[in-house]
Amino acid sequence: MAESPDIRLGLYVPPHPHPLLAPEQNEGWGRLRDAFDTCRQRIEESGADLIMIYSTTWPSIIGHQIQAHPSPVFTHVDDDFHFLGSMEYEFKMDAEFAECFRDCCEERGLQARTVAYDGFPIDTGSVVALKLLNPDNRIPACIVSSNVYSNRAEQIVLGKACRDAISNLGRKVAVVVVASLSNRMFTEHIEPSEDRIHSAKDDEWNQKILEFFEDGRLEDISQLSRDIQGQIRVSKVVAYKPAWWMAATMGQHNNYEGEVLAYEALHGAGGAVIQLTPSEKGIGDKEFDEDDVEHYHGDRGVLDKGMI
Amino acid sequence: MAKGEIVLGCLAPHPPHVVYAENPEQNEPFSEGGWEALRWGYNMLARKLKEVDYDCIVVLTPHWQTYIGNHFLGLERFQNISVDPIFPNLFRFHHDIKVDVELSEAMQRSAEEAGIVSMMMRNPDFRVDYGTIVSCHMMNPDWDKPIVTISSNRSTHYYSDEVMNEQASALGRAVSKAIEESGKKVVLVASHSLSHRHFVTEAPLPEDMSREHIYNHSQYVWDMKVIEMMREGKMKEVIEILPEMIEQTMAEAEGGGLTWMMAAMGMPDYPAEIYGYQSVIGTGNVIAAWDPNSATRALVL
Ligand SMILES: [Fe+2]
């Protein structure tokens with residue numbers, strides 16, 4: 001294996017379009033927007049030459065899909081928040097990295113493919129993140145999907161495959177995860193001024209997760225992923241996957257400087273902009289309950305056993 | 001004005017594979033065919049529709065997913081390319097869709113009056129989802145009738161399958177009332193599969209039918225049970241056991257389509273017309289229709 005991957009920083013940002021399309025309508029949305037703007041500067045200052053995005057709003061079924069169109073252009077509209085406006089985009093993708101990431105996935109036993117089609121529907125979360133973090137396309141990007149059926153082992157291996165690709169090509173990377181904390185939204189229309197976290201329980205859990213982030217305890221959050229899913233995630237998918245992928249991609253430890261730049265409600269969901277910077281001064285590793293895994297072996301025919 | 005009516009209800013699954021396999025000029029990729037049991041079934045249903053007098057197709061689709069109630073298409077025309085986010089290799093479809101905005105607004109008003117959270121979608125850049133496009137293309141490849149798409153509220157995920165059943169039923173009743181008052185003849189479409197566990201790998205040639213089969217036998221047994229009940233005209237019972245089926249087979253009915261359509265049609269107690277059943281990338285798909293007119297209702301398969 002090549003030398004250890006050069007990851008300059010990690011960001012955790014929310015997927016909703018409000019900070020992009022309507023930051024003036026609610027002070028909290030405005031603060032999230034300011035935090036995105038700060039992160040844009042931080043990425044520039046970091047010297048990163050690749051923005052690597054994992055988006056929870058891009059589901060996939062045939063393994064893991066990786067965006068490889070060198071310059072995707074389209075106008076995106078969100079399914080729920082279409083009334084906030086359209087999101088025109090033209091991005092610059094690192095197709096070479098996408099191909100390498102795909103190869104690294106396959107070497108670790110994952111099903112993966114690149115997609116490079118005119119008019120491919122890039123998801124709301126990725127569009128929001130790229131438009132705010134990289135408005136001039138100064139830095140090429142890559143986006144990887146979130147497989148609807150994947151669970152922990154697969155996400156961890158996906159993160160490791162991403163590290164392999166970063167090392168192989170010697171990229172200097174800003175890792176970006178696009179995900180809510182608590183993800184329960186209000187199911188009715190609300191005035192922007194009425195936005196708040198959906199429940200006190202969601203808010204308490206979010207605050208606890210933010211404490212972990214501030215202490216740089218990314219691997220601990222990854223280990224807590226199943227609890228987080230059970231407590232504050234609507235069961236849209238089988239697991240809370242972004243922390244697994246982020247921790248695996250960034251090295252599976254707790255040694256980061258953490259900074260919460262903003263935490264606000266987005267139609268009831270918990271939206272946070274968080275920066276993690278690799279550091280010698282982290283909190284160190286606690287005991288971990290969950291196994292580590294290097295290679296993905298699929299469902300190992302579990303479903304075939306016991307068939308008549 | 002004569003009372004409007006629902007002249008046909010169709011369960012019309014939307015794997016993009018069936019459009020891909022038909023090679024219509026609107027779709028960019030080329031195929032060597034595949035999934036004939038479904039495609040030929042759809043061809044038969046399309047022929048029946050040619051004989052039906054109707055003004056508009058109303059579709060409830062699980063691929064326009066909304067968390068804030070149900071949304072209704074609210075502009076007259078949508079011209080765009082639809083690229084399937086899951087199977088972009090199979091479906092890149094150029095479309096020109098006409099919408100019956102008057103009926104759409106009437107249904108949304110009726111939903112609102114019934115206390116259902118709802119909204120019109122008026123953004124001209126909005127892309128109509130591929131579920132709508134696949135079902136409508138297979139049922140009416142001439143695209144010579146206006147449509148309305150209604151989004152799928154994610155109440156199954158936010159609450160439970162039972163809550164979904166209640167909410168989708170209320171929406172069905174509201175839509176039925178609006179259709180009656182509109183004086184129009186309407187075809188309803190629930191756009192979805194039955195069992196819905198996919199393979200996570202794809203054959204090098206996706207239409208290689210030597211690779212196609214149901215994901216597992218349990219899915220098949222559930223699909224057959226429900227189809228048998230459809231033949232027997234037991235739709236109230238089907239809707240009642242739907243939560244269990246959804247839980248055990250990940251059935252795409254979780255988006256509310258079948259419940260909505262059956263509630264709008266008063267829970268049919270007459271036999272469904274069955275046009276075909278086949279698996280697509282492991283999922284179970286039936287094409288079925290409910291014809292309220294006993295004179296034209298047929299035993300198809
Ligand atoms: Fe579907």
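The structure presented is a predicted model; accordingly, all values stated were derived computationally and were not measured. Order of the sequence lines fixes the chain letters, A, B, ..., with proteins taken first and strands second; residue numbering starts at 1 for each chain.
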Worksheet item: What part of A:Q111 is in contact with chain B, defined as an atom under 4.5 angstrom from a non-hydrogen atom: side chain, backbone, both or neither?
Response: side chain
Practice prompt. Provide the closest heavy-atom pair for A:F74 versus B:I81 in the form atom of the first, atom of the second, distance.
Written response: CE1-CG2, 4.0 Å
Worksheet entry | Residue part contacting chain A, namely of B:N80, when any heavy atom lies under 4.5 Å | side chain
Discussion item. I need the residue from B:I281, B:D125, B:V117 with the largest number of non-hydrogen atom pairs under 4.5 Å to chain A.
Written reply: B:D125
Worksheet item: Checking B:T201 against chain A: side chain, backbone, both or neither under 4.5 Å from a heavy atom?
Response: both
Worksheet entry | Interface moiety of A:D123 toward chain B, non-hydrogen atoms closer than 4.5 Å | neither
Worksheet item: Looking at A:N147, A:D80, A:V77, which makes the most heavy-atom pairs under 4.5 Å with chain B?
Response: A:D80
Practice prompt. Could you go through the side-chain contact (heavy atoms from CB on, under 4.5 Å) check for A:K236 and B:R154 one step at a time?
Written response: CA-CA 9 Å; A:K236 289 190 280 190; B:R154 309 316 288 165; over 6 Å; no
Discussion item. Less than 4.5 Å to any heavy atom of chain A: does that hold for the side chain of B:F199, its backbone, both, or neither?
Written reply: backbone
Worksheet item: Out of B:M121, B:M119, B:M120, which one pairs with A:F83 under the side chain to side chain contact (heavy atoms under 4.5 Å, CB included) rule?
Response: B:M119
Item to complete: Would you indicate whether B:E76, at its atom CD, is surrounded by more than 12 heavy atoms from other residues, nucleotides or ligands within a distance under 6.0 Å?
Response: no
Discussion item. Could you go through A:R113 and B:E202, starting from their C-alpha distance and side-chain angles, then the distance that decides it, and tell me whether this counts as side-chain contact (heavy atoms from CB on, under 4.5 Å)?
Written reply: CA-CA 11 Å; A:R113 68 181 176 193; B:E202 190 178 55; 2.8 Å; yes
Worksheet item: Got a donor-acceptor contact below 3.5 angstrom from the A:Q65 side chain to the B:P85 backbone?
Response: yes
Worksheet entry | Heavy-atom closest contact (A:H189 atom, B:S118 atom, distance) | NE2-O, 3.4 Å
Worksheet entry | Gap between atom OG of A:S235 and atom OH of B:Y159 - 0.5 Å precision | 12.5 Å
Practice prompt. Work out which heavy atom in A:V115 is nearest to a heavy atom in B:P88; give both atom names and the distance.
Written response: CG1-CG, 3.8 Å
Discussion item. Show, in sequence, the C-alpha distance, side-chain angles and deciding distance for B:F126 and A:D79, and conclude whether the side-chain contact (heavy atoms from CB on, under 4.5 Å) test is met.
Written reply: CA-CA 8 Å; B:F126 184 79; A:D79 276 358; 3.9 Å; yes
Discussion item. Which one wins on heavy-atom pair count under 4.5 Å against chain A: B:E28, B:M250, B:H71, B:H198?
Written reply: B:H198
Worksheet item: Where on B:H94 is there a heavy atom nearer than 4.5 Å to chain A: the side chain, the backbone, both, or neither?
Response: neither
Discussion item. Need one label for A:F81: side chain, backbone, both or neither, based on atoms under 4.5 Å from any heavy atom in chain B.
Written reply: side chain
Worksheet item: Taking atom types as modelled and ignoring hydrogens, do the side chains of B:Y67 and A:H267 form a donor-acceptor contact shorter than 3.5 angstrom?
Response: no
Discussion item. Looking at B:Y158, I'd like to know if the NZ or CZ of A:R184 sits under 6.0 Å from its six-membered ring centre while staying within 45 degrees of the ring's axis.
Written reply: yes
Worksheet item: So with a 6.0 Å cut-off around CD of A:E194, is the heavy-atom count from everything else above 12?
Response: yes
Worksheet item: Any side-chain donor paired with an acceptor under 3.5 Å for A:S86 and B:N123?
Response: yes
Discussion item. Can you tell me how far apart CD1 (B:I68) and OG1 (A:T187) are? Round to the nearest 0.5 Å.
Written reply: 8.5 Å
Worksheet, complete the sentence: Of all heavy-atom pairs linking B:V83 and A:D118, the shortest is CG2-O, 3.7 Å
Fill in: Whether over 12 other heavy atoms sit under 6.0 Å from A:E188 CD
no
Practice prompt. Go through the steps for A:Y117 and B:R92 under the test side-chain contact (heavy atoms from CB on, under 4.5 Å), then give the verdict.
Written response: CA-CA 9 Å; A:Y117 300 102; B:R92 305 189 296 280; 3.3 Å; yes
Worksheet item: Counting only heavy atoms not in B:E102, do more than 12 sit closer than 6.0 Å to its CD atom?
Response: no
